[in-house]
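Residue indices begin at 1 and follow the sequence shown.
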Amino acid sequence: MANWKDVPDGVYRARAKEGVLTQTKAEQPMVVVTFELQDEEWKGVAMTWRGLFTEKTTDRTFEVLRFCGWRGDDLRDLSGVTDNEVDLDIKREKYKEEWPPKIQWVNKRGAAKIGAPMAADKAAAFAAAMKR
């Protein structure tokens with residue numbers, strides 16, 4: 001089986017394997033969700049995401065839990081968190097002199113969009129401007 005440390009940067013289909021309410025060493029409440037990648041080459045590789053409950057991050061942490069399928073209102077019971085596939089945006093980040101892959105974002109499945117193509121006339125004008 002592939003090793004999680006070998007996963008290259010990219011967006012991967014995943015499903016939560018489990019989630020638990022816990023806390024940081026500084027006793028800051030957080031939820032830890034272990035995901036399993038679903039893309040063929042990396043199928044079954046586990047990666048962990050941590051969602052904090054701070055003034056700035058609480059809404060996003062709840063949003064991620066909802067994307068995963070959690071429908072409850074009591075964080076002690078994360079039933080349903082394994083129900084839905086999500087997209088994990090994984091990028092390498094320096095940690096203790098190494099560059100391991102890290103889950104940067106957990107998004108609703110299929111939400112990563114490339115965007116609408118630029119109109120031909122705007123594309124031509126932009127390309128011309130970039131030649132200068």
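Here the CZ-OG1 distance, from F35 to T82, works out to 10.5 Å after rounding to the nearest 0.5 Å. Distance CD/E85 to CG/L37: 11.0 Å, rounded to 0.5 Å.
Between the side chain of R15 and the main chain of D83, a donor-acceptor pair closer than 3.5 Å is present. A donor-acceptor contact shorter than 3.5 Å links the side chain of T57 to the backbone of T54. In this structure, D89 contributes its side chain and V11 its backbone to no donor-acceptor pair below 3.5 Å. Side-chain N or O atoms of D9 include one that pairs as donor or acceptor with a backbone N or O of R92 at under 3.5 Å. Side-chain atoms of D39 come within 3.5 Å of backbone atoms of R13 as a donor-acceptor pair (strictly under, hydrogens ignored).
Hydrophobic clustering of Ile, Leu, Val, Met, Phe, Trp and Tyr side chains at less than 4.5 Å, counting indirect connections, unites L21 with W49.
Remark: of the listed residues V31, T61, L65, L65 is the sole one forming a side chain to side chain contact (heavy atoms under 4.5 Å, CB included) with L75.
The six-membered or imidazole ring of F62 lies near that of F53, with a centre-to-centre distance under 6.0 Å.
Apart from V20 itself, the hydrophobic cluster it occupies contains M30, V32, L52, where clustering links Ile, Leu, Val, Met, Phe, Trp and Tyr at side-chain heavy-atom distances under 4.5 Å. Side-chain heavy-atom separations under 4.5 angstrom define the hydrophobic clusters, and W105 shares its cluster with no other residue.
Residues P101 and V7 share a closest heavy-atom pair of CB-O, 3.6 Å. The heavy-atom pair separating V81 from G19 by the smallest distance is CG1-N, 4.0 Å. F67 approaches R60 most closely through the heavy-atom pair CE1-NH1, 3.5 Å.
Residue pairs that meet the side chain to side chain donor-acceptor pair (under 3.5 Å) test with at least one member in residues 16-37, sequence neighbours left out, do not exist here.
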